[in-house]
Amino acid sequence: MAAPDVRVATWNVNSIRARADRVVDWLQRADVDVLAMQETKCSDAQFPAMTFLGAGYEVMHCGHNQWNGVAIASRVGFEDVQTGFEGQPSWSGGKDGHTVEARALAATCGGVRVWSLYVPNGRAVDDPHYRYKLEWLAALRDDAQSWLRRDPESQIALAGDWNIAPLDEDVWNMDLFRGSTHVTEPERAAFRAIETSFTDVVRPFAPGPGTYTYWDYTQLRFPRREGMRIDFILASPALARRVVHAEIVRDERKGGKDRIGPPSDHAPVLVDIGGGDEAGRRVEPTAGADADNAT
DNA sequence: ATGGTTGCACAGCAA
């Protein structure tokens, strides 16, 4: 029996309370089944769950305060919800001491094990946060590889804001970024270490250069098309074989009078998982020409 | 004009 088709997306929403209407509006327009969110920037009690429920999505959230916060919305069910991963490093730079931050949440939805991941930013190469970032990625690699050893056929999506631009072409001006976080060799090596067992299933459908998922709010970066590719969906081998389509939905980075408030500084990224037989999900043509840079 | 933008705790950080 073929597995069900499922459309899985990831989106750094930059505050879910400021963006819930916009996010749910997109979920419905884009026909998304499962959405991994990052930077919800709220506690569990503050999460606007009713907005999602009203549209037919259940939500699981992990948030402690105004920082970080990860969530998963699903209209294809929830199983085996897990907060954090085994060995997830804690952060001791905050004023409340040693805490395991709200940066990882997993659930099995529609047969796919979806991880919503918010990799630490790193801030600066000489900042303790940078070391924390590398330790965090190494611990994730260890745990993720153990899941595959346990079941090589497991259907796992590592989705989120990785805060790494793996290739030079993933930033708009490498000369400007060289030596800064997101592009250093240790960060890229940490990403590649995870890519030895999980595959970026979006890049083949949305190749660069000039294809980004994040644009800084300042300096007119978005209309100037000066961004970074730092949001990724990495799939386990068995899941990667089922991917029939993927895209970065740049349109959702736009503002405009028809939208509800300012956009996130990230665009959503989605993949279509086919049923595992020859008849995959019918793929809608990508929305028309993207000459419009409207903010 | 040495900035430029968001969001949160509405003040100064974090991104």
Side-chain angles (χ1 to χ4, degrees), chain A residues 10-24 26 36-48 51 61-71 89-97 99-104 116-134 136-137 160-165 170-173 176-177 179-184 187 191 212-232 250-257 259-269 293-295:
Chain A
T10 186
W11 198 357
N12 179 319
V13 297
N14 186 20
S15 172
I16 194 58
R17 285 178 290 170
R19 217 84 66 203
D21 288 340
R22 180 188 275 263
V23 169
V24 170
W26 179 70
M37 287 166 271
Q38 301 84 38
E39 277 209 270
T40 57
K41 289 186 169 179
C42 67
S43 66
D44 291 344
Q46 292 172 312
F47 191 95
T51 306
H61 179 247
C62 171
H64 307 317
N65 50 40
Q66 72 272 38
W67 304 122
N68 315 306
V70 282
S90 57
W91 169 241
S92 50
K95 58 175 164 62
D96 35 322
T99 56
V100 176
E101 294 183 312
R103 294 182 177 275
S116 181
L117 300 169
Y118 181 43
V119 175
N121 176 285
R123 298 180 185 167
V125 293
D126 59 352
D127 191 297
H129 210 259
Y130 178 78
R131 175 190 291 269
Y132 168 56
K133 179 182 194 173
L134 295 177
W136 202 95
L137 287 161
D161 176 357
W162 294 75
N163 272 314
I164 298 170
D170 295 335
V171 297
W172 60 276
N173 182 345
L176 216 62
F177 282 88
S180 317
T181 63
H182 295 59
V183 302
T184 67
E187 290 164 278
F191 189 80
Y212 307 126
T213 66
Y214 161 85
W215 298 260
D216 194 289
Y217 282 124
T218 68
Q219 303 277 135
L220 298 173
R221 291 296 187 223
F222 180 65
R224 291 181 190 276
R225 297 179 176 269
E226 297 170 345
M228 307 172 74
R229 185 196 286 248
I230 56 176
D231 300 271
F232 298 94
R250 185 182 182 279
D251 236 35
E252 296 306 315
R253 177 60 177 77
K254 294 175 180 174
K257 290 188 269 297
R259 307 300 176 92
I260 311 145
S264 170
D265 42 3
H266 294 251
V269 178
N293 266 329
T295 58

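Protein chains get the first letters and strands the later ones, always in sequence-line order, with residue 1 at the start of each.
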Between the protein and nucleotides 6-8 of chain B, which nitrogen or oxygen pairs are less than 3.5 angstrom apart?
from	atom 1	to	atom 2	distance (Å)
B:dG7	OP1	A:Arg19	NH1	3.3
B:dG7	O3'	A:Ser15	OG	3.1
B:dC8	OP1	A:Ser15	OG	2.8

Sequence-distant partners of A:His182, ring pair (Phe, Tyr, Trp, His ring centres under 6.0 Å), two or more places apart: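 Listed in chain order: nothing, the list is empty.
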Could I get the full list of ring pair (Phe, Tyr, Trp, His ring centres under 6.0 Å) partners for A:Tyr214, not counting sequence neighbours?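 Scan of A:Tyr214 (ring pair (Phe, Tyr, Trp, His ring centres under 6.0 Å), adjacent residues dropped) gives A:His266.
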Given DNA chain B, 5'-ward residue of the pair A:Pro120 and A:Asp216, judged by closest heavy atom: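 The residue whose closest nucleotide sits nearer the 5' end is A:Asp216.
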A:Arg123 vs A:Thr218, nearer the 5' end of DNA chain B by closest nucleotide: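 Nearer the 5' end of the strand: A:Thr218.
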Could you give the distance separating [M] and [N] at their [atom1] atoms, to the nearest angstrom?
N: B:dT2; M: B:dG7; atom1: C1'; value: 25 Å
N: B:dC10; M: B:dT5; atom1: P; value: 23 Å
N: B:dG12; M: B:dA1; atom1: P; value: 28 Å
N: B:dG3; M: B:dC8; atom1: C1'; value: 22 Å

Figure out the [atom1]/[atom2] separation between [X] and [N], and round it to whole Å.
X: A:Tyr132; N: B:dA15; atom1: OH; atom2: P; answer: 10 Å
X: A:Trp215; N: B:dA15; atom1: CH2; atom2: P; answer: 20 Å
X: A:His129; N: B:dA14; atom1: NE2; atom2: C1'; answer: 9 Å
X: A:Asp265; N: B:dG4; atom1: CG; atom2: P; answer: 16 Å
X: A:Gln219; N: B:dA1; atom1: CD; atom2: C1'; answer: 13 Å

What pairs with A:Asn173 under side chain to side chain contact (heavy atoms under 4.5 Å, CB included), at least two apart in sequence or on another chain?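 Listed in chain order: A:Asp175, A:Leu176.
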Provide the full list of side-chain hydrogen bond (donor to acceptor under 3.5 Å, both in side chains) pairs with a residue in residues 117-131 of chain A, sequence neighbours left out, each pair given once.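 Non-adjacent pairs meeting side-chain hydrogen bond (donor to acceptor under 3.5 Å, both in side chains): A:Glu39-A:Tyr118, A:Tyr130-A:Thr184.
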So, A:Thr213 side chain and A:Ile230 main chain: donor-acceptor pair closer than 3.5 Å or not?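 Here the side-chain-to-backbone pair exists.
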Using a cut-off of 4.0 Å on non-hydrogen atoms, how would the nucleic acid contact of A:Tyr214 be classed: base, sugar-phosphate, or nothing?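 The residue A:Tyr214 makes no contact with any strand.
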Has A:Arg19 got its NZ or CZ under 6.0 Å from the middle of the six-membered ring of A:Trp26, at an angle within 45 degrees of the ring axis?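 Verdict for A:Trp26: no cation-pi partner in A:Arg19.
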Counterpart residues, salt bridge (charged side-chain N to carboxylate O under 4.0 Å, His left out), relative to A:Arg229 (two or more places apart):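 Here the qualifying residues are A:Asp170.
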